[in-house]
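Some notes on the structure that comes next.
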Amino acid sequence: IGKSWVLSSIGSGAIKNGKKVVHYTLELNDAYVGLRYDSVFSGYASQNLKFHKDDVKDKLEELDGDLVIKYYPTKTASVQTLGAHLQRMFTLGNEVDLVILDYADLLRDTNKFTKEVRHALGNIYEDLRGLAGEYNIPVWTASQANRSALDEDVIEAQKIAESYAKIMTADFVMSLSRKVGDKIANTGRFHVIKNRFGPDGVTFPAKVNTNNGSIDIYEGNTI
């Protein structure tokens with residue numbers, strides 16, 4: 001629990017800094033994703049947004065960036081589908097600074113000769129990397145950890161579900177660990193698994209509130 005909120009938090013951070021964000025959702029519908037962004041920007045829990053409409057509207061009008069949310073049902077879209085949508089946006093004169101994808105494991109692999117799930121996922125992540133390079137846009141996505149990670153204080157690379165190719169392909173990989181006690185206390189631990197351009201293997205304690213998407217990450221030596 002928490003990966004979708006983390007993606008929305010990353011997207012909202014870019015929007016606050018004046019960036020144009022495209023958020024592709026393959027699990028939650030676009031209206032629900034929109035409510036999550038409203039929660040992050042306003043600080044109100046999703047179920048309470050309707051009681052604070054004017055305040056939420058004022059918060060949104062203060063933003064310098066922009067957000068486009070596009071929903072595709074699970075396994076109906078491929079990386080090529082996303083590429084076609086981005087190309088249409090560029091053709092219409094819309095700039096895109098960041099792509100959020102929730103989440104890549106739910107994309108469809110277009111290689112009809114692929115039989116194993118791990119190979120299909122490898123193809124998808126390689127195609128995503130190609131998409132990011134083609135349009136020179138960073139792409140953030142999320143993936144599930146396997147069952148054995150439930151009791152781990154820190155989730156390492158070997159705990160990523162289905163395919164290690166995800167780790168091999170990505171430039172930056174971080175994990176979020178939230179045990180039962182963390183869910184009660186609204187805490188968690190972010191761990192940098194891989195970083196091509198900086199340090200990795202470091203862990204940061206965090207406050208993670210899944211009611212309103214508020215995420216605060218602290219220095220690694222914070223107790």
Side-chain angles (χ1 to χ4, degrees), residues 1-17 19 21 23 25-60 62-63 65 67 69 98 100-106 140-161 172-195 199-223:
I1 295 176
K3 63 184 185 297
S4 293
W5 278 115
V6 171
L7 290 176
S8 295
S9 182
I10 292 171
S12 65
I15 293 167
K16 290 177 182 177
N17 283 281
K19 305 300 182 182
V21 176
H23 186 121
T25 173
L26 309 176
E27 187 175 40
L28 306 172
N29 65 47
D30 49 359
Y32 193 79
V33 172
L35 289 175
R36 288 198 164 191
Y37 273 93
D38 290 346
S39 290
V40 175
F41 289 130
S42 67
Y44 295 115
S46 299
Q47 64 269 25
N48 295 329
L49 289 171
K50 58 186 177 182
F51 303 119
H52 305 277
K53 290 182 180 179
D54 291 339
D55 194 16
V56 173
K57 183 179 179 182
D58 290 341
K59 294 287 186 181
L60 297 180
E62 294 173 358
L63 299 172
L67 172 66
I69 302 173
L98 175 67
I100 302 290
L101 173 58
D102 191 11
Y103 54 102
D105 293 32
L106 301 181
W140 279 92
T141 189
S143 186
Q144 200 76 19
N146 56 39
R147 287 178 178 271
S148 63
L150 291 173
D151 297 320
E152 297 290 337
D153 287 326
V154 173
I155 298 176
E156 299 282 2
Q158 68 272 20
K159 300 295 182 180
I160 302 300
F172 181 88
V173 183
M174 69 180 180
S175 65
L176 170 61
S177 174
R178 299 183 71 232
K179 299 164 74 172
V180 174
D182 293 306
K183 295 174 184 178
I184 296 172
N186 288 330
T187 56
R189 286 157 302 283
F190 283 92
H191 180 70
V192 180
I193 295 175
K194 177 182 178 181
N195 185 1
D200 56 19
V202 291
T203 304
F204 301 92
K207 285 285 188 180
V208 182
N209 188 332
T210 54
N211 288 318
N212 61 8
S214 174
I215 299 176
D216 297 302
I217 301 175
Y218 302 96
E219 293 290 342
N221 58 1
T222 303
I223 298 177

What I'd like to find out is whether the side chain of Ile155 reaches to under 4.5 Å of the side chain of His191, using heavy atoms alone.
no
Check your understanding: Asp182 versus Arg189: any side-chain heavy-atom pair under 4.5 Å?
Key -> yes
Separation between CG (Leu101) and CG (Leu26), nearest 0.5 Å, reads 5.5 Å
Separation between CD1 (Ile193) and CG (Asp200), nearest 0.5 Å, reads 9.5 Å
Next on the checklist: Checking the side chain of Ser12 only, and the main-chain atoms of Ser9 only, is there a donor and an acceptor separated by less than 3.5 Å?
Outcome noted: yes
| Any side-chain donor-acceptor pair under 3.5 Å between Asp102 and Thr25? | no
Query - Over 12 non-hydrogen atoms of neighbours within 6.0 angstrom of NZ in Lys194 - result: yes
To the nearest 0.5 Å, atom CG of Asn186 lies from atom CG of Asn209 at 4.5 Å
Heavy-atom closest pair (Ser4 atom, Arg36 atom, distance to 0.1 Å) is CB-NH1, 3.2 Å
Taken to the nearest 0.5 Å, the spacing of Ile15 CD1 from Ser8 OG works out to 9.0 Å
For Gly11 and Leu98, the nearest pair of non-hydrogen atoms, with its separation, is CA-CD2, 4.4 Å
**Study point:** CG (Asp54) with more than 12 external heavy atoms under 6.0 Å
**Key:** no
Do side-chain atoms of Ser175 reach the backbone of Glu156 as a donor and acceptor pair under 3.5 angstrom? no
Scanning both residues in full, the closest heavy-atom pair of Tyr218 with Ala206 reads CD1-CA, 4.1 Å
Nearest heavy-atom approach of Ala142 to Asp105 is O-OD1, 4.2 Å
Within the structure provided, determine whether Thr187 and Arg178 are in side-chain contact (heavy-atom separation under 4.5 Å). no
Does either side chain, that of Ser39 or that of Asn212, offer a donor lying less than 3.5 Å from an acceptor on the other one? no
Do His23 and Tyr37 touch side chain to side chain, with heavy atoms closer than 4.5 Å?
yes
Quiz prompt | Flag if over 12 foreign heavy atoms under 6.0 Å of NZ, Lys19 | solution = no
Interatomic distance, OG1@Thr141 vs NZ@Lys3, rounded to 0.5 Å, equals 10.0 Å
(Q) Taking the side chain as everything from C-beta on, heavy atoms only, tell me whether Phe172 gets closer than 4.5 Å to Val192. (A) yes
Test side-chain contact (heavy atoms from CB on, under 4.5 Å) on Trp140 and Val6; report intermediate values, then the result. CA-CA 10 Å; Trp140 279 92; Val6 171; over 6 Å; no
Nearest heavy-atom contact between Val21 and Ala14 is CG2-CB, 3.7 Å
What one should report as the nearest heavy-atom pair of Tyr32 and Leu28 is CD2-CD1, 3.7 Å
The reported gap from NZ in Lys57 to CG in Asp55 (rounded to nearest 0.5 angstrom) is 12.5 Å
- Query: Under 4.5 Å between any side-chain heavy atoms of Phe41 and Val56, yes or no?
  - Reply: no
What class does the angle between the rings of Tyr44 and His52 fall in, given that below 30° is parallel, 30 to 60° is tilted and above 60° is perpendicular? parallel
- Query: Are the side chains of Val154 and Ser177 in touch, meaning some heavy atoms are under 4.5 Å apart?
  - Reply: no
